[in-house]
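Down below is the structure, laid out as structure tokens.
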Amino acid sequence: MLHNSARAIDMSLHLHSQTDPRRHEQDGPLIISGGEGVYVRDDAGNRYIEGMAGLWTASLGFNDQRLAAAAAAQFAKLANYHTFNHRSNEPCIDLIEQLAAVSPIPGCRIFLANSGSEANDSMVKLAWYYQAARGKPEKRRIISRNGAFHGSTVMGAVLSGLPHMHRSFGMNTDDILFAGKPHFYREARDGESEEAFADRLIAELEAMILAAGPETVAAMIAEPVMGAGGVIVPPTGYFPKLRALLDKYDILLLADEVVCGFGRTGNWFGSQTFDFKPDMFSVAKGLSSGYLPIAAVVVSDKTYQSIADEGHRNGVFGHGFTYSGHPVASAVAAEALRIYHEIDVVGRARTLGAQMLGALRNALADHPMVGEIRGVGLLAGVELVADRRTKQGFPTEARVGAQVERACRQRGIILRNMGDVLALCPPYIIEPDQIDELVRALFLAIEDTRESLSL
């Protein structure tokens, strides 16, 4: 009775994120009622390996007792306070000290927020503030990329190069320029090497900047690996060339590390994996292992100095959120960072990621429904195709990726499909035998779908 009641309430009252509302009214939710390590359990008692760490978030699994204890202790000591008007708290200070210690930007300053969307919004506002402080308020345009995902707030959605994020919302993208998607498998020309592909993307971007007028462009935002856009790993040499081009035209580089941060790509941050220095970067998700909402923007000293001077001239830096630096969220995030060091998340991402990519390639590299297997660190994508030779995809209306995702659940694993790309982003605490189980279940789920499609 309780089960039916909860399901009915959700179906009748809940407007879900990134969900087809009418389909939800018919199909209802998968209600997750418990978690242990890398496993979650639904309200019917079925157990799954959570191969997406929730939503790229639960780096330490779903019931870490140290994080629970850190939250409980801070709730009992100081459950709420703010960081406006020179206020702070000990967990917030602990957290920013730890973040600064692993930051690839030396001498940085840190602004705290509550989600990746807020952090990316804040980076854009900071870029505008910085340009105004330098006497260049006309530098307003922001460059994003086709296929990017930067959040669901107004600015985050405007920056996202995914059509469904704009459709029917009436988004004003006049100040946003969209550069090419660095997807070698789909976008490279016949015979083009990765480096030549990267050179072409940079040349096309330079032409876009010149056509727009470099004096009008404030910043470019980019994910080191494009997550929701299909786990797109950039081509060789792309980011160093991008950094040099933006420097040439006095344009800031903003790294969206919301998915890639805290070891996911085999270094603390994706910018280190792909050898570039951002002017700012955003983090969220793994910052607290997803246990409480918290995010941050890490700002270079050069950028901060101009912002601080402008804030002083204005009498206040007029930006911030009620829950920025929330003591309980900060305490959990600070404890998560300590655990990351103790278990060596960078080493685990490299070792377990190599195993995962190897297992995926052994199981699926020659599969007739698999076009490409790509990834870096403990992060991978499997792209489904109707024809391997021509790379032809399935018709959108066939929803083949969604069919595989459902078949995965029947096989006891949870992944995420972005169209016909299956993403894998398991918690760092996953063990080698669980990776093998995850990959084996994915193979069987693709086979189940192949059989149902009579391919």
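What you are looking at is a predicted structure, and each value in this text was computed from that prediction instead of being measured.
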Does the side chain of [X] come under 3.5 Å of the side chain of [Y] through a donor N or O and an acceptor N or O?
{"X": "T153", "Y": "D121", "answer": "yes"}
{"X": "Q355", "Y": "D436", "answer": "yes"}
{"X": "Q131", "Y": "R134", "answer": "yes"}
{"X": "D309", "Y": "Q305", "answer": "no"}
{"X": "H16", "Y": "D10", "answer": "yes"}

Around [X], counting heavy atoms of other residues, nucleotides and ligands shown, do more than 12 lie under 6.0 Å from its [atom1]?
{"X": "Y39", "atom1": "OH", "answer": "yes"}
{"X": "F169", "atom1": "CZ", "answer": "no"}
{"X": "H164", "atom1": "NE2", "answer": "yes"}

query = When the aromatic ring centroids of F269 and F262 are compared, is their separation below 6.0 Å?
reply = yes
key: Ring-ring centroid check H86 F84, cutoff 6.0 Å   = no
key: Residue pair N267, T273: steps toward the side-chain hydrogen bond (donor to acceptor under 3.5 Å, both in side chains) verdict   = CA-CA 6 Å; N267 286 286; T273 300; 2.9 Å; yes
ask   = In chain order, what residues pass the salt bridge (charged side-chain N to carboxylate O under 4.0 Å, His left out) check against E335, with sequence neighbours excluded?
value = R66, R338
Nearest heavy atoms of M171 and A157, plus distance in Å = CE-CB, 3.5 Å
note = Correct closest heavy-atom pair for Q18 and M165 would be NE2-SD, 3.3 Å
query = Can you find a pair of side-chain heavy atoms, one from V346 and one from Y340, that are under 4.5 Å apart?
reply = no
query = Do the numbers put R109 on top of the ring of Y304, so that NZ or CZ is under 6.0 Å from the six-membered ring centre and no more than 45° off the axis?
reply = yes
Mutual orientation of the aromatic rings belonging to F178 and H166 [parallel < 30°, tilted 30-60°, perpendicular > 60°] = tilted
inquiry  = Applying ring pair (Phe, Tyr, Trp, His ring centres under 6.0 Å) to Y129 and H319, what does each step give before you reach the verdict?
reply    = CA-CA 10 Å; Y129 206 81; H319 179 61; 9.0 Å; no
request  = Would you confirm whether R374, through its side chain, and V231, through its main-chain N or O, come within 3.5 Å as a donor-acceptor pair?
outcome  = yes
